[in-house]
Amino acid sequence: MTRINLVLLLALVASALVLVRTQYESRRLFASLDRAHAEARRLETELGRLQLERRAQATPARIERLARERLRMAPATPAITQYVIDRPAAEGAR
Amino acid sequence: MSRHLAFSTSPLLASRTPVWRSKLLVALLALGFATLAARAAWVQVFGNAFFQRQGEVRFARTLELPASRGRILDRNGQLLAGSVPAPSIWAIPEDVPTDDARLAPLARLLGLPLPELRRRLADEDKTFVWLRRQVDEPVAQAIAALKLPGIHQRREYRREYPEGEAAAHVVGFTDVELRGLEGVERAFDAELSGRAGSRRVIKDRLGSVIESVGEATAPVDGRDLRLSIDSKIQYFAWQRLHQAVREHKAQAGSVVVLDVWTGELLALANVPSYGPQARASAGAALRNRALTDTFEPGSTMKPFIAALALQQGLVRPETVIQTAPGRITIGGSTISDAHAYGALTVAEIIQKSSNVGTVRMAMQLQPREMWELFVQLGFGQRPELAFPGAAAGRLRPHKGWRPIEQATMSYGYGLSVSLLQLARAYTVFARDGDLVPVTLLHQSGPQPGRRIFEPGHAAAVRGMLQRAAAPGGTGPKAQTIGYSVGGKTGTARKQEGKGYAERRYRGWFVGFAPVRAPRIVVAVMIDEPSAGAFYGGEVAAPVFSDTVQHALRVLGVPPDLAVQPRIVAQAVEESF
């Protein structure tokens, strides 16, 4: 009788220790999950910022200035454009 | 020395212990246990909620989950507005060190003079002082790197507008709290702003989250908004208008570009404009003139009268109307033409913009018929466009019209419209006689309209307007290379109080292209040109021409007129 009790006690202690460890582990993992979420949010914001920056570098105003000044280009007019009609597409549209 | 002494023979036992003493001891111990039990019961049962709360205050936190504000995109998905992180710097004054050596770098980074920074930190009673709202991210990082005690940062966002001045009147702006104040930012604030969420968490001693408690409310991010604006057309229109306003030394100008099939607003620009970042000093430039300013539509009204007369079967395009001697008297007032033209067909009346001819047509119409037409065209009514400050214009009920008023209204005086209303009304000709609501949001395909004129009559008026925009008409400068255009000029003295200003004019042009199957309607208005020219055909038509040319190319519309090719063979050789 005493021996069974002793075994049960040991089992109880062991289980309690495992519980503590599991709880600790779950908190640790949760904390790192939370950090990962925060990082994801930060990266998303960063993406948004970079997209805006890319757009700011590619606005019609800037492109036109660079095309005129650096590449010496001029706006196209129908007078200097050769129009090509894509027959299958034109027929498909009909 | 020591002597064995058994317990049972201890002399102490010999003395008798009074019974009350042991009883007292038992009673005291019992009391002690009872107190503990009562306390335990108090903590665990009766005061449980209070202690739970106190515990939570010490380790549980409610974190706000901010919702990000939606982006504003143009029709092709190009960014017109987006949020970037811009931390705000704040301080707890009493924690901040006071020596110059440590404050000077902070002052430099904040862009504040050192004495000013000191003044802000001087008030030690305050526990919270903003030092600067919304600095750039690199600056914030540099400030954080100083590791000054008492200096903190709060995560905030700022709106960026890559298109700047060119799209300012469409996109608008927000305040520092990201609430929309103008333009689309204001009109669609509810959709853009989203809703912040929250969650309760348990934090450990180091402040990292270890567990979440209960249900979290997820944040609802603001919706991205896809506008009907095409940023290429928008920029070109703005820049061309800007050039015209400078060239004619004008006060202001506006341009509106509408897609005929869908009613989408492709571009809407005003000059003067403002940089959305530096708007504090913008003042009158904030006004979205194309929507808020109304003016008498003048000659641009005449085609509607002609179309109504056609619709009623009163005239045909080739019907001849006598306009000689270039004057007509109605109710004691005389209406005259710039030149005496003699006998003109209806088409020629529109082409030459004859007041007398238009009045002769209008006087065959009932006031109610004219009024109903104007109402159907949207004059005197707030546009369906959800935009702050869009003006309704003025249109008096037909019951009070005197004959002279009916006459003047037929050539565009005595009622007022905004440029947007005028542009929209012209879609009735461009669309074979029906009208669609104007929209600022991207549409997936052509929209059905409400019929006002028969398609044949709309096409007839298109032909008249093509002649009006050709040599021999009033707006030959509206011609483009490769695309046929139709449109009408307008010029008016500006109203001042009850009368008209002597030398202050407004010139405008509204038209469509290509004539056979119109794709866009463009309206241009130049306010108070003061460099000599002031006729709509002189100041506004060239802007119309260039804008049409550019917009149709951007939209991929092939030219409908034969063009003398100017492709130089040499250039071809060079490119290989």
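In what follows, chains are A, B, ... by sequence order, proteins preceding strands, each numbered from 1.
Within 6.0 Å of the CZ atom in B:Arg61, the count of heavy atoms belonging to other residues, nucleotides or ligands exceeds 12. The number of heavy-atom neighbours closer than 6.0 Å to CZ of B:Phe59, taken from other residues, nucleotides and ligands shown, is above 12. A 6.0 Å sphere centred on CG of A:Leu10 holds more than 12 heavy atoms belonging to other residues, nucleotides or ligands. For A:Glu39, the CD atom counts as densely surrounded, since its 6.0 Å shell holds more than 12 non-hydrogen atoms of other residues, nucleotides or ligands.
Per-residue counts of heavy-atom pairs under 4.5 Å with chain A were compared for B:Gln78, B:Gln234, B:Glu137; the largest is that of B:Gln78. With respect to chain A, the highest number of heavy-atom pairs below 4.5 Å among B:Gly164, B:Pro85, B:Pro558, B:Gly482 belongs to B:Pro85. Among A:Ser26, A:Pro75, A:Ala31, the residue making the largest number of heavy-atom pairs under 4.5 Å with chain B is A:Ala31.
Rounded to the nearest 0.5 Å, atoms CG (A:Asp34) and NZ (B:Lys203) are 8.5 Å apart. A distance of 13.0 Å separates OG of B:Ser83 from CZ of A:Arg49, quoted to the nearest 0.5 Å. Taking CG of B:Leu65 as the reference point, atom NE2 of A:His37 lies at 10.5 Å (rounded to 0.5 Å).
With a 4.5 angstrom heavy-atom cutoff, B:Tyr161 does not touch chain A via any of its atoms. For chain A, the nearby parts of B:Glu211 are the backbone and the side chain; heavy atoms of each come within less than 4.5 Å. Looking at B:Ser212, the atoms closer than 4.5 Å to chain A (heavy atoms on both sides) sit in the backbone and in the side chain alike. Residue contact with chain A, scored on non-hydrogen atoms closer than 4.5 Å, involves the side chain of B:Arg199 exclusively.
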Point to revise | Intermediate values then yes/no, side chain to side chain contact (heavy atoms under 4.5 Å, CB included), A:Glu64 and B:Lys232 | key: CA-CA 10 Å; A:Glu64 187 177 321; B:Lys232 284 188 199 144; over 6 Å; no
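Here the closest heavy-atom approach between residue B:Pro162 and residue A:Leu52 is recorded as CG-CD2, 3.5 Å.
In this structure, B:Glu160 does not pair ionically with A:Arg55, as no charged nitrogen and carboxylate oxygen lie closer than 4.0 Å.
Residues A:Pro60 and B:Glu163 form a side-chain contact, since some pair of their non-hydrogen atoms from C-beta on lies under 4.5 Å apart.
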